[in-house]
Amino acid sequence: MIQSQTHLNVADNSGARELMCIRIIGTSNRRYAHIGDVIVAVIKEAAPNSPLERSEVIRAVIVRTCKELKRDNGMIIRYDDNAAVVIDQEGNPKGTRIL
Amino acid sequence: MRLEKCWFCSSTVYPGHGIQFVRNDAKIFRFCRSKCHKNFKMKRNPRKVKWTKAYRRLHGKDMTQDSTFEFERKRNRPERYDRNLAENTLKAIKKIDKVRSNREAKHIEKRMKVKKSKERREAAKELEQSIHLVKPPSVLAQDPSLTLPKIKVKVSQQQTEENHAMEE
């Protein structure tokens, strides 16, 4: 259940450390984003000497949420934090390793 | 499809039940119901919570060492499907389950038996020491057994008189 102003950890080595969600991509006026949705985010914290800088607007895909993910086979999975992987316009990840 | 064990209470989690919690160090905790999940969130140690299997095994309430437990180990290698093997396994599961539950019942029975003998010993001791409370010492001198004498009470023969008050 990620919405605007939500801070997310970054789960790859693209250089960003923390993102803040600005907008959810998809239908207009969508309230919450879940695992697998693409969001527009601003970088709040970045690792030093990285290609990405603080206050850069980028896209990311959500990979972990504290809100439970319900699967069709009835399995319910909950993670410990909210995390996203930085992505470019086409959908390819910017980092090389997923953590 | 796999039947998992609840991390908190050690009961089996069937598919479609319970919640899985994935911690950031990639350890997966499976819970059978929200009771176990909530206890986990409260950071309770299952070894200290009385109704869990972990507590019962640790404190000797339930059987820990038995050969029937060897059959239920976690196997990560998928077996090639063999109809005979599958049939035999299903039969064996039923039988092993019966044997194990019998042994567990015996274990608990053995644990409970100690109380009965202890109660008898204590009752005998109490009778010896406190018989003077119910049996006067003069009667005790005549009849030294620890039982009370049988007293016969005459009942008046008024049962033939019928009571018509309650009849309609």
Side-chain angles (χ1 to χ4, degrees), chain A residues 1-3 6-21 32-39 41 43-47 50 52 60-87 93-99, chain B residues 1-49 51-55 72-81 85-86 89-90 93 97:
Chain A
M1 267 167 99
I2 311 293
Q3 55 182 351
T6 308
H7 283 240
L8 300 122
N9 293 334
V10 175
D12 60 5
N13 62 349
S14 54
R17 287 265 171 83
E18 197 171 318
L19 305 172
M20 182 178 84
C21 173
Y32 307 114
H34 299 279
I35 295 183
D37 296 336
V38 179
I39 56 166
I43 298 178
K44 282 292 189 182
E45 194 188 315
S50 78
L52 293 174
V61 66
I62 298 172
V63 296
R64 293 198 293 265
T65 50
C66 285
K67 180 69 182 160
E68 305 90 26
L69 164 75
K70 289 192 194 180
R71 290 206 178 143
D72 292 337
N73 58 0
M75 210 189 280
I76 299 181
I77 301 177
R78 209 181 88 91
Y79 290 94
D80 209 6
D81 64 346
N82 302 314
V85 164
V86 177
I87 247 180
K94 274 217 176 126
T96 50
R97 282 176 66 221
I98 307 275
L99 305 164
Chain B
M1 185 192 83
R2 187 160 226 174
L3 300 180
E4 309 284 353
K5 291 278 175 198
C6 174
W7 184 85
F8 199 81
C9 66
S10 317
S11 60
T12 40
V13 187
Y14 282 83
H17 287 258
I19 291 187
Q20 292 182 26
F21 171 63
V22 184
R23 207 165 57 180
N24 276 343
D25 60 356
K27 183 161 161 97
I28 304 181
F29 297 88
R30 296 171 215 270
F31 304 106
C32 59
R33 54 200 197 281
S34 66
K35 177 179 182 181
C36 303
H37 188 36
K38 282 175 183 165
N39 272 295
F40 173 78
K41 282 197 272 188
M42 271 195 263
K43 298 192 176 184
R44 285 200 180 150
N45 186 356
R47 284 159 173 256
K48 289 193 169 181
V49 179
W51 50 272
T52 56
K53 240 354 194 199
Y55 175 94
E72 212 181 309
R73 232 178 304 132
K74 186 175 183 185
R75 293 163 181 87
N76 282 324
R77 255 198 188 168
E79 296 276 337
R80 181 159 292 199
Y81 179 74
L85 179 68
T89 311
L90 283 170
I93 288 175
D97 200 52

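Here is the naming used below: chain letters follow the sequence lines, and residue numbers restart at 1 for every chain.
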Throw together a table of side-chain donor-acceptor distances under 3.5 angstrom for residues 70-81 of chain A, partners on residues two or more places apart or in other chains.
| from | atom 1 | to | atom 2 | distance (Å) |
| --- | --- | --- | --- | --- |
| A:Asn73 | OD1 | A:Met75 | N | 3.2 |
| A:Arg78 | NH1 | A:Cys66 | O | 3.4 |
| A:Asp81 | OD1 | A:Arg64 | NE | 2.9 |
| A:Asp81 | OD2 | A:Asn9 | ND2 | 2.8 |
| A:Asp81 | OD2 | A:Arg64 | NH2 | 3.4 |

Legend entry - Contact listing (chain A partner; residues 13-22 of chain B; heavy atom under 4.5 Å): B:Gly16, B:Gly18, B:Ile19, B:Gln20, B:Phe21, B:Val22

Legend entry - B:Arg80, CZ atom: more than 12 neighbouring heavy atoms under 6.0 Å: no

Inset, instruction - Answer yes or no: are there more than 12 heavy-atom neighbours, outside A:Glu45 itself, under 6.0 Å from its atom CD? - result: yes

Inset, instruction - Under the side-chain contact (heavy atoms from CB on, under 4.5 Å) rule, collect the residues that match up with A:Leu52, sequence neighbours excluded. - result: A:Ser14, A:Ala16, A:Ile43, A:Ser50, A:Glu56, A:Ile58, A:Val86, A:Lys94

Inset, instruction - List for me each residue that meets ring pair (Phe, Tyr, Trp, His ring centres under 6.0 Å) alongside B:Phe8, sequence neighbours excluded, and say none if there are none. - result: B:Trp51

Inset, instruction - Take atom NZ of B:Lys41 as the centre, draw a 6.0 Å sphere, and report whether it contains more than 12 heavy atoms from other residues, nucleotides or ligands. - result: yes

